[in-house]
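What follows is one structure encoded as structure tokens, with my remarks underneath.
Quick caveat: nothing in here was measured; it's all calculated off a predicted structure.
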Amino acid sequence: MAPPAPPDGLERLHAYRSRPERLVLGLMSGMSMDGLDLALVRLRGRAPGLEVTLMASETRPYDDALRVRLRAATSGAVGEAARLSFDLAERWAADVLSFLAAAGVAREEVDALASHGQTLFHLPRAENGGRAVTLQVGDGDVLAERTGILTVSDFRPRDIAAGGEGAPLIPYADWCLWARPNEVSASVNLGSIANVTVITEDPAQVLASDVGPANALIDGFAREIPGAHGGIDRDGALSALGQVHEGLLAALSDHARAFLDAAPPKSAGFQHFGPEVAARFARAFAQVAPHDRVRTAVELTARALADGLTRFVRPRFPRLALARFSGGGTRNPTLMRALAARLAPLAIHVEALEPALSDAKEALGFALLADATLRGLSANLPSATGARRGVPLGKISVP
């Protein structure tokens with residue numbers, strides 16, 4: 001007797017929507033291009049009141065050859081971007097299966113897979129005649145086929161189609177995690193770019209935006225320093241040896257002025273604070289000690305965040321008193337000290353999330369976005385992205 005045919009795509013989607021509890025695996029590969037973050041999340045109910053439990057998380061580092069290939073692709077040819085889209089998906093699918101095996105979870109237990117993809121290009125609306133453009137690679141169909149898991153991927157284009165920036169998208173997750181009655185708080189992620197979400201009980205009032213550089217510029221300067229640090233200001237060790245160079249700080253501020261002065265919502269890309277920017281300023285300021293360049297990038301990050309909160313956030317949210325920090329930058333003590341010093345006059349308390357949640361938050365966030373999409377819910381917040389309306393995000397691939 002032949003085995004029963006697997007359920008078709010519509011049946012799988014209907015089954016997902018009927019589950020009160022879902023197990024979703026989120027994937028995130030950021031602008032730093034140093035590895036794949038995986039976060040296995042158990043979800044109960046729906047927002048508001050969605051219960052979120054981080055079951056397991058891990059970062060799978062890329063080897064040096066893949067890092068070089070990814071960074072070159074940001075200014076490379078179309079053919080290489082196409083090859084990377086499939087090659088990365090094959091690599092990520094293998095990472096997914098290995099991660100689940102290590103966690104003791106059968107892939108049949110996982111209800112959905114969420115993949116942000118790898119950003120190769122992102123151009124804000126203001127720099128493209130009023131419409132943002134974006135490109136993420138890492139094909140969702142390959143992920144679904146190799147893993148056998150219902151997959152949601154490529155989240156940003158739908159928000160852009162609705163008139164938004166395509167970023168930031170994590171504010172929906174911030175709202176799910178941190179919204180409290182009668183409370184205003186901020187969630188600040190220090191990834192490659194620093195972004196802030198101001199969270200209120202009403203999602204329509206949430207404000208979110210990229211605000212300036214973070215690890216992209218700091219580590220861009222770190223790569224100019226020989227040594228075994230891997231091109232990262234690991235534990236703030238490189239920046240701790242340097243001093244702020246006022247001339248370089250002024251030049252970097254002038255470079256970023258149009259972005260820093262723009263009101264939210266806004267989004268940043270490699271052209272603002274990426275490795276090529278760091279390399280260009282390292283050449284222009286070759287007389288400045290390499291460790292001073294790294295420390296200056298730390299200072300620019302702290303000042304840009306404090307300036308953005310002072311100019312664009314505090315007037316609208318005078319009760320803001322708590323900022324929860326996540327992302328790789330929280331492991332940089334030099335950066336966290338600089339941020340605490342800059343935010344203290346604003347009476348904003350700096351609180352770093354516990355390491356497991358901090359490292360996994362963006363991957364976890366895309367798991368929440370995929371869950372919303374599969375349940376037919378919008379998950380972009382127009383107040384954050386500038387879209388005309390809320391829309392479900394991502395493309396669904398059925399294995």
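R293 contributes a side-chain N or O that, together with a main-chain N or O of V288, makes up a donor-acceptor pair within less than 3.5 Å. Put simply, the side chain of R388 gets close to the backbone of A161: a donor and an acceptor are under 3.5 Å apart. A donor-acceptor pair is defined here as one N or O able to donate and one able to accept, closer than 3.5 Å; no such pair exists between the side chain of R125 and the backbone of G130. A side-chain donor-acceptor contact under 3.5 Å links R71 to the backbone of S32. The closest donor-acceptor contact from the side chain of K361 to the backbone of I170 lies at 3.5 Å or more, if one exists at all. With hydrogens and angles ignored, the 3.5 Å screen pairs no side-chain donor or acceptor of T197 with any backbone N or O of I199. Looking at T373, its side chain does come within 3.5 Å of a backbone N or O of L393 through a donor-acceptor pair.
A donor-acceptor pair shorter than 3.5 Å cannot be found between the side chains of D210 and S267. A donor atom on one side chain and an acceptor atom on the other are not found under 3.5 Å apart for D139 and S85. Side chain to side chain, S115 and S153 fail the donor-acceptor criterion of an N or O pair below 3.5 Å. A donor and an acceptor atom, one from each side chain of H245 and R295, are nowhere located under 3.5 Å apart. If you check the side chains of T385 and E165, you find no donor sitting under 3.5 Å from an acceptor. In summary, the side chains of Y62 and S29 do present a donor paired with an acceptor at a separation below 3.5 Å, with no hydrogens or angles considered.
Hydrophobic clustering keeps F86 apart from L88 (ILVMFWY residues linked when any side-chain heavy atoms are closer than 4.5 Å, directly or through intermediates). F312 and V198 fall into different hydrophobic clusters, where Ile, Leu, Val, Met, Phe, Trp and Tyr residues are linked whenever their side-chain heavy atoms come under 4.5 Å apart, directly or through other members.
Classified by interplanar angle (parallel below 30°, tilted 30° to 60°, perpendicular above 60°), the ring pair F285/F281 is parallel.
Of the residues listed (L97, L25, L100), the one engaging I149 in a side-chain contact (heavy atoms from CB on, under 4.5 Å) is L100, and it is the only one. Of the candidates L374, D111, L113, V110, L374 is the only one forming a side-chain contact (heavy atoms from CB on, under 4.5 Å) with L150.
Counting non-hydrogen atoms of other residues, nucleotides and ligands closer than 6.0 Å to CD of E276 gives a total of 12 or fewer. The environment of CG in N128 is crowded: more than 12 heavy-atom neighbours from other residues, nucleotides or ligands sit within 6.0 Å. Open room surrounds CZ on R389; 12 or fewer heavy atoms of other groups in view lie less than 6.0 Å from it. Around atom CZ of R131, no more than 12 heavy atoms belonging to other residues, nucleotides or ligands sit under 6.0 Å away. The environment of CD in E80 is crowded: more than 12 heavy-atom neighbours from other residues, nucleotides or ligands sit within 6.0 Å.
Q243 is not listed as a side-chain neighbour of H291, based on a closest heavy-atom distance of 4.5 Å or more. Within the 4.5 Å cutoff, no side-chain heavy atoms of W92 are placed close to those of V142. You'll find the side chain of D292 stays beyond 4.5 Å of the side chain of L241, heavy atoms only. Between R46 and D371 the shortest side-chain heavy-atom distance does not fall below 4.5 Å. For the pair L169/F366, a side-chain contact is recorded, criterion being any heavy-atom separation below 4.5 Å from C-beta on. Looking at heavy atoms from C-beta onward, L249 lies in side-chain contact with E246 at the 4.5 angstrom threshold. Inter-residue side-chain proximity for E299 and R303 is flagged as met; some heavy-atom pair is nearer than 4.5 Å. Counting heavy atoms from C-beta on, the side chains of R67 and P61 come closer than 4.5 Å.
Annotation for L322: hydrophobic cluster partners, listed by chain and number, are none (ILVMFWY side-chain heavy atoms under 4.5 Å, direct or chained).
Partners of H122 by ring pair (Phe, Tyr, Trp, His ring centres under 6.0 Å), not counting sequence neighbours: none found.
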